[in-house]
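I have placed the structure first, in the form of structure tokens, so that the comments after it can refer back to it.
Along the sequence shown, the residues carry numbers beginning at 1. Side chains included, hydrogens not; waters and symmetry mates left out as well; all remaining heavy atoms used.
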Amino acid sequence: MSEATRWLDLAEVDNIRDLGGLPVAGGGVTRSGVAFRASTLQEICAADVTELVDVRGLRTIIDLRLPDEAAREGHGLLRDTAVRVVNLPVKKADATLLDVVVPSGTSADLGALYWQLLAGSTESFVEAARIIGDPEQHAVVFHCAAGKDRTGVIAAVLLDAVGVSSEDIAADYALTSERAAQVRERLVRIPAYKNLPNVGQGVFAVDGTAIGSFVDALRATYGGGAEFLLRHGLTEAELAALRLALVG
């Protein structure tokens, strides 16, 4: 898949794309139509629901927001469908407030933040891998608010676990820059996210450097995404299922 065809052009979800089409070490590419990364779905319209559920076969939503955040913001019209919603919060180990996860300052060490999110959310990473490895739950959309940070670290671990290069992981992450202005415009209308910095500042910086440093640290510390998942409870059979699901 080209970058252009990986995007889903929905009316009320700004940042949603297929994880398919990325080259995998040893041959093959990540499979399309299995897992989609996204920004918030709460303002989704009827046409978008039809596209996701009837055309793309959406069965499962993995909501990476904090429990209070997820309950408050919801999923809009998707709540009236048969789609299963699983809340797997991605947060720093000491996070108690949304503002801790989504800082409002104009500077931020995103690489350090991503490492802290990994440390505070091991169970969520493992369970996300289990869900995406289960074909009965496909297609899967995993999302946070902007679809960049919490969504980005989950995507990075999963893609590294199945053999996608750090360069391609960083390039996938950086695609959000194409939609960052629209994402921010939507989010700042929502009270919980009104203090987001401008695009390019702080937590709204969008380039591959931060996620690249995160993947480097993941490999240096654990040997990579697969080893991280195995060390924290994923079984070898579940890892094989994840690879079977995501690699074509």
Quiz item: Heavy-atom distance under 4.5 Å between the side chains of E51 and L10, does that happen here?
Solution: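 Yes - at least one pair of side-chain heavy atoms lies under 4.5 Å apart.
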Quiz prompt | Validation row: I132, F142 side chains within 4.5 angstrom (heavy atoms) | solution =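 Result yes, sub-4.5 Å side-chain heavy-atom pair found.
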Does [Y] offer a backbone N or O that forms a donor-acceptor pair with the side chain of [X] under 3.5 Å?
X: R243; Y: A161; answer: yes
X: T151; Y: K148; answer: no
X: R79; Y: G76; answer: yes
X: T30; Y: G21; answer: yes
X: R37; Y: I16; answer: no
X: T50; Y: A46; answer: yes
X: R65; Y: H143; answer: no

Exercise. Please assess F36 against L19 for the test side-chain contact (heavy atoms from CB on, under 4.5 Å), listing each intermediate value before the final yes or no.
Key: CA-CA 6 Å; F36 299 84; L19 280 194; over 6 Å; no
Is a side-chain donor-acceptor pair under 3.5 Å present for [Y] with [X]?
X: S121; Y: R150; result: no
X: E69; Y: Y193; result: yes
X: S213; Y: D216; result: no

Do [X] and [Y] sit within salt-bridge range, that is, some charged N less than 4.0 Å from a carboxylate O?
X: E43; Y: R189; result: yes
X: R186; Y: D14; result: yes
X: R31; Y: D18; result: no

Quiz prompt | Y222-H232 aromatic ring centre distance below 6.0 Å | solution =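 Yes; H232 has its ring centre under 6.0 Å from that of Y222.
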